[in-house]
Amino acid sequence: MVGIRGYVFLSCLLTITLIVSVSCTNTVCNVPLTDLMECLPAITGARPPAPTRQCCKVIRRVDLPCLCRYKPQLAKFGANPEAAMAVPRRCGVKSTPRC
């Protein structure tokens with residue numbers, strides 16, 4: 001179950017995306033924000049669970065270097081930045097950027 005902090009994080013991420021995005025679409029790093037929500041449990045809390053199969057499908061489509069730009073803001077919104085940056089590796093993505 002997603003807690004209030006998770007929804008706050010997603011709201012803030014959406015706001016940042018809308019400000020930064022020229023086209024004002026609801027995508028983050030080439031993936032719809034609703035798809036990225038699949039990975040929320042895997043990036044929140046001190047010991048987040050492994051990413052789900054559906055989360056990994058999303059991560060394989062995302063622009064990973066683009067996601068690195070969001071790392072400094074993650075902790076402000078209740079997400080675990082180290083866990084977030086580990087999701088691609090945990091999903092078996094071979095080529096991951098160093099953030």
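Numbering starts at 1 and runs along the sequence shown. All heavy atoms count here, side chains included; hydrogens, waters and symmetry mates do not. None of these values were measured; they are calculated from a predicted model.
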Identified side-chain contact (heavy atoms from CB on, under 4.5 Å) counterpart of V62 within the set V28, V31, V93 =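 The side-chain contact (heavy atoms from CB on, under 4.5 Å) with V62 is passed solely by V31 among V28, V31, V93.
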message = Could you measure the distance from the CG atom of N30 to the CG atom of L64? Nearest 0.5 Å is fine.
response =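 So the gap between those two atoms works out to 10.5 Å.
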request  = State plainly whether the residues R53 and E38 are in salt-bridge range, i.e. N to O under 4.0 Å.
outcome  =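 Salt bridge between R53 and E38, a charged N being under 4.0 Å from a carboxylate O: no.
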task = Decide, yes or no, whether a salt bridge links D35 with R61 under the criterion of side-chain N to carboxylate O below 4.0 Å.
result =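 Looking at R61 together with D35, the answer is yes, because their closest N to O distance falls below 4.0 Å.
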Sub-4.5 Å side-chain heavy-atom contact between [X] and [Y]:
| X | Y | answer |
| --- | --- | --- |
| I43 | V87 | yes |
| Y70 | C29 | yes |
| P48 | N80 | yes |
| M85 | R98 | no |
| C39 | I59 | yes |
| P97 | P65 | yes |

key: Crowding at NZ, K71 (>12 non-hydrogen neighbours, <6.0 Å)   =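 Count over threshold, so yes.
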query = Looking only at heavy atoms, what is the nearest atom pair of A42 and P51, with distance?
reply =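 Looking at all heavy atoms of both residues, the closest pair is CB-CA, 3.8 Å.
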inquiry  = Minimum heavy-atom separation for A84 and L74, please, with both atom names.
reply    =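 Smallest heavy-atom distance, with atoms named: CB-CD1, 3.5 Å.
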query = Less than 2.5 Å separating the SG atoms of C91 and C55?
reply =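 No, no disulfide: SG-SG not under 2.5 Å.
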key: Audit row: L36, V58, side chain to side chain contact (heavy atoms under 4.5 Å, CB included) steps and yes/no   = CA-CA 7 Å; L36 281 174; V58 171; 3.9 Å; yes
